[in-house]
K.L.:
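Quick one: the structure is below, and I'll ask about it shortly.
Given the structure is predicted, the values throughout are model-derived calculations rather than measurements.
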Amino acid sequence: MKALELSKLIKTKELSVTEVVRSCLDAAKKNKHNAFLALDEENALKRAEELQRQLNCQPSTINSQLFGVPLGVKDNISTTGIETTCASKMLGGYKPVFNATVIDKAEQAGMIVIGKLNMDEFAMGGSSETGNKGAVLNPWDLSRVAGGSSGGSAAAVAGGEIPLSLGSDTGGSIRQPCAFCGVTGIKPTYGAVSRYGLIAYASSLDQIGVIGQDISDCAALLSLISGYDERDSTMPIDNKQREGGGNLKGVRIGLPRNYFDKGIDEDVKSAVLAAAKQFEALGATVEEFSLPLTDYVIPAYYIIACAEASSNLSRYDGLKYGYRSENAKNLSEVYRMSRSEGFGLEVKRRIMLGSFVLSSGYYDAYYKKALQTRTLIKHEYNKLFERYDMLLSPVAPTTAYKRGENINDPIKMYMGDIYTVSVNLAGLPAVSLPCGFDKSGLPVGFQLIGNAFSEAGLINAAQVYQNCTDFHTRKPKGVV
């Protein structure tokens, strides 16, 4: 059931908060999709009882759209007293002593965190296969990946284990799992949602976002967690949202033709182009254009992301906190063996790439040029938004692929981010929506990309689209 509907039933007392929370906990315990890494059953039920007493005794104090709704949280977002490991051996047993800002805001609105969700280790990966507790399984086909890195967040929603979840998006990590699992997600503008309490991968690219069954649920949660936070120094004080209209008349949508030229599955191409036709039928003007610098976005992204990762992950050294090798006999071995044993292959690969591009003699040749390319990409987007209100594109070139298919082929895995990483490089918002299915019955997704702080316009367009389509209402076999 949708989150907004659940909250209404709770507030009219057709359901109790405890009943709803217990139902989600029971579904999560089965963990059919390996989506949950940790459950906080005792505290979740205790909080449900407290919220029910508030509803019974002080109903006038409740004004949240999502009161009583359970929430799943990606395992790289800090939650007081709940193990938060980034799906890594390196942080095994770590329990934060503080909440991320988004958790405090959600709880203040009457939501209940029930547990932490599986992911790629330290959010590095595109399939949610690199975590130390095993791969997340796609609810539409258990032999296939759920996408990454927020695979657990998307699979838990698609699999009916939780109505809403929080994820993070560094280069497509909310949008791609949503496309693979047939759910809806929002990657906000960089700076629209506080990153305080998000365990960093690449600080200039990371952004917390939301995943739900449809855009209205996602929009309700986004409105709760958005807004200025003095503890996040990268947030602009003035982050006023641009307004969105009630229909699509006069809305100009750009369609990047070079995204459809090569490397994209025919089923994905057909579904996304059909979505573009649907927007035209709804009153929008859709115009093709050629997106510049496409050949440079993957190299620029991975140079910058890996460089920032090598810096951010240097703190995990076996001394301050985290995993420490039992076999180390001196200081040098503590550093070397703790990091070798504590990090997985993909994390080590990205740390080494990042250390290389930042090293003496290579900094100017790689990292500096990547930053210059990033500036050019941002300028090109600025020009595009003088012509268009939003852009429509695929999320990924394929639907969900078989587990193990790409994990040992980094180039193939990285190229799967071709349509998503430029949004993070430019700090822009995007929504991911289901728009069809391939011949194997797997979901296809598309994304709408907007100018900075134009979430309201994207949400409006997504709402109009979902009002006249039913792709977001379809569920995997066996999911109620």
Side-chain angles (χ1 to χ4, degrees), residues 74-78 83-98 100 119-126 130-132 148-149 168-171 173 190 194-208 231-234 299-371 374 410 413-414 421 424-425:
K74 188 175 179 179
D75 197 37
N76 61 346
I77 299 173
S78 295
E83 190 176 26
T84 302
T85 69
C86 291
S88 177
K89 183 178 180 180
M90 182 59 80
L91 282 176
Y94 170 62
K95 293 184 179 181
V97 295
F98 67 98
M119 56 185 283
D120 281 301
E121 185 182 9
F122 279 98
M124 298 183 195
T130 67
N132 71 325
S149 63
S168 67
D169 191 311
T170 305
S173 294
Y190 185 81
S194 173
R195 291 186 301 107
Y196 179 78
L198 174 67
I199 297 173
Y201 160 19
S203 302
S204 74
L205 301 165
D206 298 339
Q207 187 58 62
I208 294 174
R231 296 175 295 183
D232 181 351
S233 61
T234 60
Y301 169 80
Y302 275 99
I303 288 171
I304 293 169
C306 292
E308 293 185 15
S310 75
S311 175
N312 280 326
L313 272 64
S314 65
R315 71 193 73 178
Y316 306 109
D317 57 11
L319 292 177
K320 300 181 188 75
Y321 54 86
Y323 175 79
R324 181 171 182 170
S325 174
E326 295 178 355
N327 301 314
K329 296 180 175 62
N330 56 50
L331 183 60
S332 176
E333 287 186 355
V334 168
Y335 288 140
R336 178 169 50 83
M337 297 175 73
S338 297
R339 291 170 68 80
S340 295
E341 296 169 17
F343 288 133
L345 177 61
E346 184 60 30
V347 173
K348 286 187 278 194
R349 179 186 288 127
R350 297 194 191 197
I351 289 173
M352 288 190 290
L353 281 169
S355 298
F356 172 75
V357 300
L358 290 174
S359 61
S360 177
Y362 296 100
Y363 180 94
D364 286 350
Y366 294 103
Y367 185 64
K368 185 178 178 180
K369 282 188 177 177
L371 292 178
R374 181 180 193 171
M413 183 167 64
Y414 296 169
V421 295
N424 298 77
L425 288 169

K.L.:
Suppose we screen for side-chain contact (heavy atoms from CB on, under 4.5 Å). Which residues come up paired with Asn330, at least two apart in sequence or across chains?
P.N.:
Ser332, Glu333

K.L.:
Could you tell me the separation between the CG atom of Leu91 and the CG atom of Asp75, rounded to the nearest 0.5 Å?
P.N.:
8.5 Å

K.L.:
State, to 0.1 Å, how close Tyr367 and Val357 come at their nearest heavy-atom pair, and which atoms those are.
P.N.:
CB-O, 3.7 Å

K.L.:
Does the side chain of Leu358 reach to within under 4.5 Å of the side chain of Ser310, using non-hydrogen atoms?
P.N.:
yes

K.L.:
Going by heavy atoms in the side chains, are Met119 and Ser168 under 4.5 Å from each other?
P.N.:
no

K.L.:
Would you compute the distance between atom CD1 of Ile208 and atom OH of Tyr196 and round it to the nearest 0.5 angstrom?
P.N.:
12.0 Å

K.L.:
Just checking, is any N or O donor in the side chain of Thr130 or Glu346 under 3.5 Å from an acceptor N or O on the other one?
P.N.:
no

K.L.:
If we only count heavy atoms from C-beta on, is the Val421 to Leu205 side-chain gap below 4.5 Å?
P.N.:
no

K.L.:
Excluding sequence neighbours, so at least two apart, what forms salt bridge (Lys or Arg N to Asp or Glu O under 4.0 Å) with Glu308?
P.N.:
none

K.L.:
Would you confirm whether the ring centroid of Phe122 sits within less than 6.0 angstrom of the ring centroid of Tyr316?
P.N.:
yes

K.L.:
Taking the side chain as every heavy atom from C-beta outward, state whether Phe343 and Ile351 have any pair of such atoms under 4.5 Å apart.
P.N.:
yes

K.L.:
Compute both the distance and the angle, then confirm whether Lys89 meets the cation-pi test with Tyr323: under 6.0 Å from the six-membered ring centre, within 45 degrees of the axis.
P.N.:
yes

K.L.:
Measure centre to centre between the rings of Tyr414 and Tyr301, then say whether the value is under 6.0 Å.
P.N.:
no

K.L.:
Do Glu121 and Ser88 have side-chain N/O donor and acceptor atoms under 3.5 Å apart?
P.N.:
yes

